[in-house]
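Take a look at the structure below.
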Amino acid sequence: MADEALFLLLHNEMVSGVYKSAEQGEVENGRCITKLENMGFRVGQGLIERFTKDTARFKDELDIMKFICKDFWTTVFKKQIDNLRTNHQGIYVLQDNKFRLLTQMSAGKQYLEHASKSSPRAGGWMNR
């Protein structure tokens with residue numbers, strides 16, 4: 001439980017630090033979002049590589065999404081995805097109703113001004 005609290009504090013400080021640098025004029029706002037997205041992408045890529053190194057190849061996209069929803073999400077966030085939907089044209093929507101990295105932001109009014117800073121990818125959209 002302590003490691004989860006430390007992770008959440010680190011995550012909040014990273015996001016806050018990147019946005020503070022934008023507010024101070026060191027980096028423009030669009031570059032902040034890109035920087036955060038790139039950091040998240042690299043961390044996710046490293047985790048997936050580590051988790052899948054001993055598994056058999058996936059047969060299709062649906063097998064990949066099932067792996068992410070069940071095994072990966074459970075390992076990283078201690079719960080499964082609440083809902084997986086697809087339009088059968090390569091668009092998958094992963095829904096986590098209590099995504100712990102955004103729960104604190106959505107719980108209070110003091111974070112409403114920062115809510116627009118989050119990326120559509122943070123909401124759970126995955127595209128081929």
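Annotation for Asp82 and Lys98: closest pair OD2-N, 4.1 Å, computed over non-hydrogen atoms. Between Gln95 and Arg85, the closest heavy-atom pair is OE1-NH2, 3.1 Å. Smallest separation of non-hydrogen atoms from Ile81 and Asn83: CG2-O, 3.0 Å. Minimum heavy-atom separation, Thr52 to Ile48: OG1-O, 2.7 Å. Of all heavy-atom pairs between Leu47 and Phe72, the closest is CB-CE1, 3.7 Å.
The environment of Lys79 atom NZ is dense: over 12 non-hydrogen atoms of other residues, nucleotides or ligands sit within 6.0 angstrom.
Separating the NE2 atom in His88 from the CG atom in Leu62 is a distance of 9.0 Å, to the nearest 0.5 Å.
Taking 4.5 Å as the limit, every side-chain heavy atom of Leu84 sits out of range of all side-chain heavy atoms of Val93. Using a 4.5 Å cut-off on side-chain heavy atoms (C-beta onward), Trp73 and Phe99 make contact. The shortest side-chain heavy-atom distance between Glu61 and Tyr92 falls under the 4.5 Å cut-off. Proximity of Lys59 to Ile64: side-chain heavy atoms (C-beta onward) are nowhere separated by under 4.5 Å. Using a 4.5 Å heavy-atom threshold, the side chains of Phe51 and Val76 count as touching. Using a 4.5 Å heavy-atom cutoff, the side chains of Ile68 and Lys66 are not in contact.
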